[in-house]
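Below, chains carry the letters A, B, ... as their sequence lines are ordered, and counting in each starts from 1.
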2 protein chains.
Amino acid sequence: MGLTKSEIFTDEQNEIAAIAKVLGHPARIAILDFIIKLKSCVCGDLVKDIGLAQPTISQHLKELKKVGIIKGTVEGTSVCYCIDEENWEQIKNRLNKFLNKNPTENCC
Amino acid sequence: MGLTKSEIFTDEQNEIAAIAKVLGHPARIAILDFIIKLKSCVCGDLVKDIGLAQPTISQHLKELKKVGIIKGTVEGTSVCYCIDEENWEQIKNRLNKFLNKNPTENCC
DNA sequence: TTTGTTTATTGCAATATTACGATTAATAAA
DNA sequence: TTTATTAATCGTAATATTGCAATAAACAAA
């Protein structure tokens, strides 16, 4: 049915999955790589750097913004995107909390 | 077109996205939570614990296995699933390497 | 062998995602 | 105001994902 049954999972499970889902596309990883590498925000250079059409990049930026990883500031006709440091820190903590839930023993 | 253009991204970007994508569904997070919590492997108890049909759970297990997070051992008629410690460690390192790529400054 | 138990696979319907052309919106510059 | 530039939105086609009923496969036990 293509419809995830979110209601049967905990909030935490849904939230972690939502974050991971957004990171689950190479274009969005590439966008983050680019923004982080330049240590400053980037506008439409992403379109040139990554080989995807402008509407596609814009769509990916929207998803990254939706979960709070990045934020955009309008500067004239262009928009400056950069990591939303505060949220990004929280998101990383959340992910790390999950990643560190290690089993101490294993049976197989 | 629904088709990700993997060829325009680096191997690392594709790999990180592939891992994140698998973690991008609450059912798979719930499965991992369950397996980790019991500190041992689990067989079909997942179907009872999580409210999804057996074929659906089986499908999610398959995906987790595909990226190497878990492994399954046949035990009679049932299958014992548990974290593939070695791979899981590598996957976590890969994710952490990405998560730690922080910008030192920000412009907006 | 037959029966029961457990898991995997197949097939399918419903929905989601990805990508992009065309267009719109917003602003800057002439 | 007109024109150029940049980014967002709309609409749509192609493909992927999710979920499950039905079935098959694999094995244990009777």
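The CG atom of A:L23 sits 15 Å away from the P atom of C:dT17 (whole-angstrom rounding). Put simply, CD on B:E75 is 18 Å from P on D:dA26, counting in whole angstrom units. One atom, CG of B:L3, and another, P of C:dC20, lie 10 Å apart when rounded to the nearest Å. Remark: P of C:dT7 and CD1 of B:I50 are 13 Å apart, rounded to the nearest angstrom. Rounding to whole angstrom units, NE2 of residue A:H25 and P of D:dT17 are separated by 10 Å. Rounded to an integer number of Å, the gap from B:R28 CZ to D:dG19 P is 9 Å. Between the C1' atom of C:dT7 and the CG atom of B:L64 lies a distance of 16 Å, rounded to the nearest Å. Per the geometry, CD1 belonging to A:I31 stands 12 Å off P belonging to D:dA7, to the nearest Å.
Residues from residues 52-60 of chain B placing a heavy atom under 4.0 Å of any atom in DNA chain D, listed by number, are B:L52, B:A53, B:P55, B:T56, B:Q59, B:H60.
The CD1 atom of B:I35 lies 10.0 Å from the CD1 atom of B:I69; values are rounded to the nearest 0.5 Å.
B:Y81 is not listed as a side-chain neighbour of B:T73, based on a closest heavy-atom distance of 4.5 Å or more.
Between A:Y81 and D:dA8, a side-chain N or O to OP1/OP2 separation shorter than 4.0 Å is present. Under 4.0 angstrom from either OP1 or OP2 of C:dT17 there lies at least one side-chain N or O belonging to A:K21.
Listed nucleotides: C:dG4, C:dA26, C:dT9. Nearest to the side chain of A:T77: C:dA26. With C:dT18, C:dT7, C:dA26 as the choices, the nucleotide that has an atom nearest any side-chain atom of B:T4 turns out to be C:dT18.
B:H60 and B:H25 have tilted rings, their planes meeting at an angle from 30° to 60° on a 0 to 90° scale.
Judged as a salt bridge (Lys or Arg N to Asp or Glu O under 4.0 Å), and not counting sequence neighbours, the contacts of A:K97 are A:E12.
Within 6.0 Å of the NZ atom in B:K101, the count of heavy atoms belonging to other residues, nucleotides or ligands exceeds 12.
At least one donor-acceptor pair under 3.5 Å links the side chain of B:K92 to the backbone N or O of A:L99. With hydrogens and angles disregarded, no donor-acceptor distance shorter than 3.5 Å links the side chain of B:E89 to the backbone of B:E86.
Comparing A:G76 and B:K65 by the nucleotide of DNA chain C that holds the closest heavy atom to each, the one mapping nearer the 5' end is B:K65.
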